[in-house]
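Have a look at the structure below, then the notes.
Numbers here are sequence positions counted from 1.
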Amino acid sequence: MSNPAFTRFVAASGLTNLADGIATVAWAWMASLLTRDPLLIALMPVALRLPWFVFALPAGIVTDRMDRRRLILAMDVARALAFGAAALAIALSLPLAPPSDAGLAQPWLFYALMFTALGAGTAEVFRDNAAQTMLPSLVDRSQLEGANGRLWSVELIGNSLVGPALGAFLIASFAPAPFGLNALSYAIAIVLVYRLSGSFKPEQAAVSNWRVELKEGFDFLRSEPLLRALAWITGAWNLLFQMSAIALILHVQENLGLGATAYGALLAAGAFGGIAAGLVSEKIIAAIGPKRTAQLALSVSAPCFLAMAYAPNWWALASTVLIFEFAGLIWNTVSVSYRQRTIPDALLGRVNSLYRMLAWGLIPVGLVLSGLVVRFAEPIIGRADALSLPFLVASAGAVVLGVLGWRAIGRGFNTTGSSR
């Protein structure tokens, strides 16, 4: 795919996702250096993800009104400032006090990080919605699967392969370092996006009445049963995944006796699965069709969650995460490509934001549930088993989701005629 604008767009996305990958380790691990309470640790990623529920609808309206390139630039500036502020707050707090078993060792630092995480998460909502709706303006619609596969492969290299490992190394060496490097990464990405030429406003201007604009988005989503099904399935899956993701931090530390570097390498192993999926997803979808591809990808979740709970060592856990991420990216390729192809450009920002509100809005619920499950189960079954329990709950939920989702996907693709 010889397309300089798309290449520059991918490079900028790679840099911002490198920063996101570093942040994956840095935010939550930083919280674990201030407290051992799983619920308090969960609040840090909640601050990053809660904006997806709160600001998804405004982000859709803004995306359909503005030049999407300019919106991306503004949000990357905001994220660079948020990470820079976090780095400064940590630097001013050194040396860190030992983490508290129940409360917070340094409350002011915890809440400062929560505030900057909330700011970075809010900017991410607007930035990611604009970026995803901008992609169809950079490539031909017949190339969306290939473009999404390539884009996600690059994103995964930064987000899950290089980023977490680098973030773990940096936070173990000097706590403010990962946050400072993130600020620099966003600054470079800003330069790359700034150099994209052209206008990236919707082809058809939206009316300047937010109630009418939202109604148009709701009406379109209501008229597309498959789009709604993909949204609620993704939302439920994200809830279950986040239950396992926050549990994984303490499970790795306490049950497996591993440190930040091993945790970063574990996320990197998952990235290999996602990168491999990005390279072959287009061929898999072409061979067996989007319906069967989505159904099979969904069915992988339940056994993977179960295997995470009982993996005896790092290698077994890493293999499970690799398979899990492979299936997850295959699912994303089907769902996002269908969304980009189905939604008209003038509605893409609003419908995409409604979709992502459903798909991402349950993430904070999963994070909090994970902390609550561990907190209430620990006095009954002990710390070690309590840290494994969120994986088992997620696995049971994934069984139900797999059955209901398989049927909904089958009905939806059969209705659209893409049933192959």
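Remark: I90 CD1 to L96 CG distance equals 7.5 Å, nearest 0.5 Å. Expressed to the nearest 0.5 Å, how far CG of L298 lies from CG of L401 amounts to 5.0 Å. Atom-to-atom distance recorded for L221:CG and I343:CD1 is 7.5 Å, nearest 0.5 angstrom. For the atom pair K291 NZ and I285 CD1, the distance stands at 15.0 Å (nearest 0.5 Å). Note that CD1 of I72 and CG of D128 are 9.0 Å apart. Values are rounded to the nearest 0.5 Å. The CE atom of M308 sits 12.0 Å away from atom CG of L392, with the distance rounded to the nearest 0.5 Å.
Using a 4.5 Å cut-off on side-chain heavy atoms (C-beta onward), V368 and L39 make contact. Contact check for S370 versus Q242: no side-chain heavy atoms found under the 4.5 Å cut-off. In this structure, the side chains of L240 and S301 stay at 4.5 Å or more apart for every pair of heavy atoms. Using a 4.5 Å heavy-atom cutoff, the side chains of T342 and L226 are not in contact. The side-chain heavy atoms of R36 and L250, taken from C-beta on, include a pair separated by under 4.5 Å. Within the 4.5 Å cutoff, the side chain of T333 has heavy atoms near those of the L329 side chain. Annotation: side chain of V280 is in contact with side chain of F326 (closest heavy-atom distance under 4.5 Å). Counting heavy atoms from C-beta outward, L248 and L266 have side chains that approach closer than 4.5 Å.
A donor-acceptor contact shorter than 3.5 Å links the side chain of S32 to the backbone of W29. Remark: the backbone N or O of A262 is paired with a side-chain donor or acceptor of W314 at under 3.5 angstrom. For Q295 (side chain) and W406 (main-chain N/O), a donor-acceptor pair under 3.5 Å exists by modelled atom type. A donor-acceptor pair is defined here as one N or O able to donate and one able to accept, closer than 3.5 Å; such a pair exists between the side chain of S281 and the backbone of A277. The backbone N or O of A31 sits nowhere less than 3.5 Å from a side-chain atom of T35 that would complete a donor-acceptor pair. Using a distance-only test at 3.5 Å, with no hydrogens or angles considered, no donor-acceptor pair links the side chain of R68 to the main chain of A131. Under the 3.5 Å distance criterion, the side-chain polar atoms of T122 are matched with a main-chain donor or acceptor of L118. Panel note: side chain S319, backbone W315; a donor-acceptor pair is recorded below 3.5 Å.
The minimum heavy-atom distance linking A297 with A327 is given by the pair CB-O, 3.5 Å. Here the closest heavy-atom approach between residue A130 and residue L71 is recorded as CB-CD2, 3.8 Å. For the pair C304 and T320, the tightest heavy-atom approach, listed with the atom from each and the gap, is O-CG2, 3.3 Å. Minimum interatomic distance between Q106 and S93 (heavy atoms only, all atoms of both residues): NE2-O, 3.3 Å. The heavy-atom pair separating P290 from V334 by the smallest distance is O-CG1, 3.8 Å. Shortest non-hydrogen contact noted between G270 and V321 is CA-CG1, 3.6 Å.
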*Apply side-chain contact (heavy atoms from CB on, under 4.5 Å) to V77 and L81, showing your working.*
CA-CA 6 Å; V77 169; L81 292 173; 4.2 Å; yes

*Going through the distances and angles, do F305 and F324 end up as a ring pair (Phe, Tyr, Trp, His ring centres under 6.0 Å)?*
CA-CA 9 Å; F305 286 134; F324 184 82; 5.2 Å; yes

*Yes or no on side-chain contact (heavy atoms from CB on, under 4.5 Å) for F110 and M30, after CA distance, side-chain angles and deciding distance?*
CA-CA 9 Å; F110 183 86; M30 195 66 216; over 6 Å; no

*Could you give me the CA-CA distance, side-chain angles and deciding distance for L239 and L369, then say whether side-chain contact (heavy atoms from CB on, under 4.5 Å) is met?*
CA-CA 9 Å; L239 184 152; L369 280 178; 4.2 Å; yes

*Is there a side-chain contact (heavy atoms from CB on, under 4.5 Å) between I288 and L296 once you walk through the steps?*
CA-CA 10 Å; I288 65 176; L296 293 175; 4.0 Å; yes

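For R127, the salt bridge (charged side-chain N to carboxylate O under 4.0 Å, His left out) partners at least two apart in sequence or on another chain are D76.
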Check residues 173-192 and write down every donor-acceptor pair under 3.5 Å in which the side-chain atom is one partner and the other belongs to a residue at least two apart or another chain.
residue : atom : partner : partner atom : Å
S173    : OG   : F169    : O            : 2.8
N182    : ND2  : A19     : O            : 2.8
S185    : OG   : L181    : O            : 3.1
Y186    : OH   : D20     : OD1          : 2.9

Enumerate donor-acceptor pairs with a distance under 3.5 Å from any side-chain N or O in residues 229-236 to protein atoms, sequence neighbours excluded.
residue : atom : partner : partner atom : Å
T234    : OG1  : L230    : O            : 2.7
T234    : OG1  : W331    : NE1          : 3.2

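Other residues, nucleotides and ligands contribute at most 12 non-hydrogen atoms within 6.0 Å of the CZ atom of R70. For CZ of F115, the number of neighbouring non-hydrogen atoms (other residues, nucleotides, ligands) closer than 6.0 Å is 12 at most.
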